[in-house]
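Take a look at the structure below.
Just so it is clear, the structure is predicted and the values come from calculations on it, not from any experiment.
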Amino acid sequence: MFQRSTIARTDGVLLRLATAIVVVFSLIACASPPAPPAQELAAAEMAITNADRARIADHASAELREARTKLTAARDAVRQEKMILAQQLAEQSRANAELASAKAEAAKAKAINDEMQKNIDIMKQEMQRNRGVRQ
């Protein structure tokens with residue numbers, strides 16, 4: 001009888017020890033930093049590149065400058081292994097670059113609209129003059 005209780009205690013101790021080891025390894029796995037936000041960084045870089053190609057700097061330079069600043073901060077956060085912050089900064093950088101593109105497109109569209117309105121006004125004036133000559 002003594003041997004059975006000793007074996008039962010040994011099994012219980014081993015079971016608790018195995019459970020503790022599993023818990024410790026699980027905590028270690030959870031404690032490791034997340035992977036760098038490669039997709040978010042690439043998306044931000046692409047948005048900035050697209051804005052540069054569209055010559056956005058003339059129309060929305062503040063937003064584009066902010067996008068570059070946040071991308072640099074995101075890269076620094078990756079080096080410091082602050083992956084969540086890096087992901088947030090990369091997403092903000094992409095959003096700022098896209099905002100710069102949208103503002104620039106709106107400014108270009110407004111300039112085209114203004115030019116068309118000016119041409120319409122000139123045509124109306126010409127039509128008024130032509131009507132006056134005929135009478």
Spacing of CD belonging to Gln128 relative to CZ belonging to Arg131, to within rounding of 0.5 Å: 5.5 Å
How long is the gap from OG on Ser93 to CD on Glu98, to the nearest 0.5 Å? 9.5 Å
Atom of Met83, atom of Val78 and distance for their closest heavy-atom approach: CE-O, 3.6 Å
Please walk me through it: do Leu64 and Asp52 pass side-chain contact (heavy atoms from CB on, under 4.5 Å)? CA-CA 9 Å; Leu64 192 53; Asp52 283 337; 3.5 Å; yes
Distance in Å, Met46 CE paired with Gln39 CD, rounded so as to fall on 0.5 Å steps: 13.0 Å
As an exercise, state the distance from CD1 of Ile48 to CZ of Arg94, rounded to the nearest 0.5 Å. 11.0 Å
Near Gln80 CD, under 6.0 Å, is it more than 12 heavy atoms from other residues, nucleotides or ligands? yes
Begin with the C-alpha distance, continue with both residues' side-chain angles, and end with the deciding distance and a verdict on side-chain contact (heavy atoms from CB on, under 4.5 Å) for Asn119 and Met116. CA-CA 5 Å; Asn119 290 337; Met116 290 176 74; 5.5 Å; no
Could you tell me which non-hydrogen atom of Ala97 sits nearest to which non-hydrogen atom of Ala51, and how far apart they are? O-CB, 4.3 Å
Residues 111-122 vs salt bridge (charged side-chain N to carboxylate O under 4.0 Å, His left out), sequence neighbours excluded, gives Lys110-Asp114
Under 3.5 Å, side chain of Thr72 to main-chain N/O of Arg68, donor-acceptor pair present? yes
Flag for Gln92-Gln88: side-chain donor and acceptor within less than 3.5 Å: no
First locate atom CD of Gln117, then atom CD1 of Ile122, and finally report the distance between them rounded to the nearest 0.5 Å. 11.0 Å
CG of Leu99 to CD of Glu63: how many Å apart, nearest 0.5 Å? 5.0 Å
